[in-house]
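Data block below; observations after.
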2 protein chains.
Amino acid sequence: MTATEQRVGEQRPGGRAERVRTAVLEATSELLTEVGYDRLTIDEVAARAGVHKTTVYRRWPTKPELIAEAVRVHSDENVPIPDTGTVLGDLQALASEVVANIGSDGGTRRSRSIAAAAATSDELATGLHEFWVHRLAAAAPIIERAIARGELPPDSDANLIIETLVGPIWLRVLLTGEPIDDDLAERVALLVATGAAHQQPT
Amino acid sequence: MTATEQRVGEQRPGGRAERVRTAVLEATSELLTEVGYDRLTIDEVAARAGVHKTTVYRRWPTKPELIAEAVRVHSDENVPIPDTGTVLGDLQALASEVVANIGSDGGTRRSRSIAAAAATSDELATGLHEFWVHRLAAAAPIIERAIARGELPPDSDANLIIETLVGPIWLRVLLTGEPIDDDLAERVALLVATGAAHQQPT
DNA sequence: ACTCTATCGCAAAAGAGGTTGCGTTTGTGC
DNA sequence: GCACAAACGCAACCTCTTTTGCGATAGAGT
């Protein structure tokens with residue numbers, strides 16, 4: 001096994017190549033929130049990044065792949081996981097963060113763009129899958145702490161609870177178009193927290 | 001005011017024009033579930049409908065508009081609203097129906113396509129909004145009956161409950177890519193029903 | 001039946017997104 | 001420094017989508 005075989009794809013990580021990569025992903029992320037998925041053109045991404053479009057096409061063969069990486073990089077600036085001392089408080093805070101993130105004009109466009117990209121590319125869909133596994137795992141401590149405090153039954157399903165918390169918010173942004181605000185966040189959190197606390201094995 | 005001014009858009013509802021309209025919308029709906037949003041081309045829609053592509057372009061200027069109408073027409077075949085006698089039963093049945101609808105291969109492609117289309121067209125987005133208002137209103141009796149039976153507090157928010165029920169299911173289909181099945185439907189329903197029943201004013 | 005006009009089919013052309021070949025620049029290892 | 005290979009810029013090219021002009025067809029009213 002030679003050195004060239006060992007690491008494919010990051011063969012020349014120093015200097016220009018990396019600058020180009022960063023600039024393109026940054027430009028992609030910006031345009032994503034500004035104009036949305038379909039009106040984002042590779043040509044314009046390249047122009048904003050100060051790069052020729054051929055370069056972009058060579059690195060990222062398809063639009064979804066480009067967006068996939070841009071989203072992945074950009075969302076490493078993680079949403080903090082709240083720790084307020086109660087499940088209800090934590091869930092409300094988390095829901096509020098989600099609302100703040102995807103509720104703004106740009107955030108909504110960005111969120112819808114991601115969904116659109118996922119719809120057109122299985123690769124991005126699986127990439128998103130990994131991202132969400134991470135995100136949900138990161139939020140799991142909220143539930144674990146609640147179990148430790150005795151607020152929730154020990155067999156509580158952290159993923160299910162978090163998904164049920166954020167699901168309706170995303171639903172509104174992606175499909176129903178109903179407005180989202182902190183009031184919604186509070187009420188969903190209350191509904192879910194109450195349900196989780198009183199859960200009984202059937 | 002002349003007769004031509006009175007009704008614009010349905011000026012010649014008899015015969016061929018209507019046949020064309022139906023055929024195109026039908027073809028669109030089929031292709032939507034078969035190949036998805038981005039690989040659906042106007043040309044192929046026209047071919048399948050036995051119509052020239054110019055005709056399609058003239059009636060529906062953009063792809064999202066075409067899809068918007070196709071979806072609107074096709075979803076009048078309504079999902080039945082269950083009436084099992086208990087909130088939990090109703091919610092489980094409803095969630096199961098949603099899972100069945102959007103969980104199949106074609107259903108998933110179709111659902112993602114709709115989301116993608118909504119992302120690219122504000123018109124479709126508002127069209128979807130109306131559709132969802134209808135859909136949620138149709139499901140409201142589940143909650144009203146439960147209130148009447150004393151299962152739920154009288155100030156229960158029907159929309160919120162239904163949205164929280166179906167939100168996580170759609171979330172998985174559109175974003176996380178996590179599989180959905182009847183088990184998920186049951187557990188979400190249990191969580192939401194429990195939460196709704198024990199809800200207390202804060 | 002006859003006329004009028006909305007609607008459609010057809011072909012040609014315009015436009016935009018994406019691809020390819022080749023020369024040049026820029027890291028990287030010696 | 002020097003040579004080699006990777007990555008980039010450029011321009012021409014190609015393909016697919018969308019538009020446009022015109023003649024043909026078929027409802028709708030008389």
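Below, chain A is the first sequence line, B the second, and so on; all start at residue 1. These numbers come from a predicted model, not from an experiment.
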- Message: Looking at C/dT19, I'd like to know if its phosphate oxygens (OP1 or OP2) sit under 4.0 Å from a side-chain N or O belonging to A/Tyr57.
- Response: no
- Task: Starting at atom CD of A/Glu18, determine the distance to atom P of C/dT28, rounded to an integer number of angstrom.
- Result: 11 Å
- Please state whether the phosphate of C/dC8, meaning OP1 or OP2, lies under 4.0 angstrom from any side-chain nitrogen or oxygen of B/Thr54. no
- Message: Rounded to whole Å, please give me the gap between CG in B/Asp38 and P in C/dG17.
- Response: 16 Å
- Query: Rounding to a whole Å, what distance do you find between B/Lys63:NZ and D/dT18:P?
  - Reply: 7 Å
- Nearest-Å distance, CG (A/Asp43) to P (D/dA11)? 13 Å
- Is the base of D/dT17 touched by the side chain of B/Lys53 through a donor-acceptor pair closer than 3.5 angstrom? no
- Item | Separation of atom CG in A/Leu40 from atom C1' in C/dG18, rounded to whole Å | 15 Å
- Item | From D/dA7, C/dC22, C/dG18, nucleotide with atom closest to A/Arg58 side chain | C/dC22
- Query: Heavy-atom count around A/Arg39 CZ within 6.0 Å, excluding the residue itself: above 12?
  - Reply: no
- Item | Which nucleotide in C/dA11, D/dT18, D/dC8 has an atom nearest any side-chain atom of A/Thr55 | D/dC8
- Message: How many whole angstroms separate atom CZ of A/Arg19 from atom C1' of C/dG27?
- Response: 10 Å
- Residue whose closest nucleotide on DNA chain D lies nearer the 5' end, B/Thr41 versus A/Val51: A/Val51
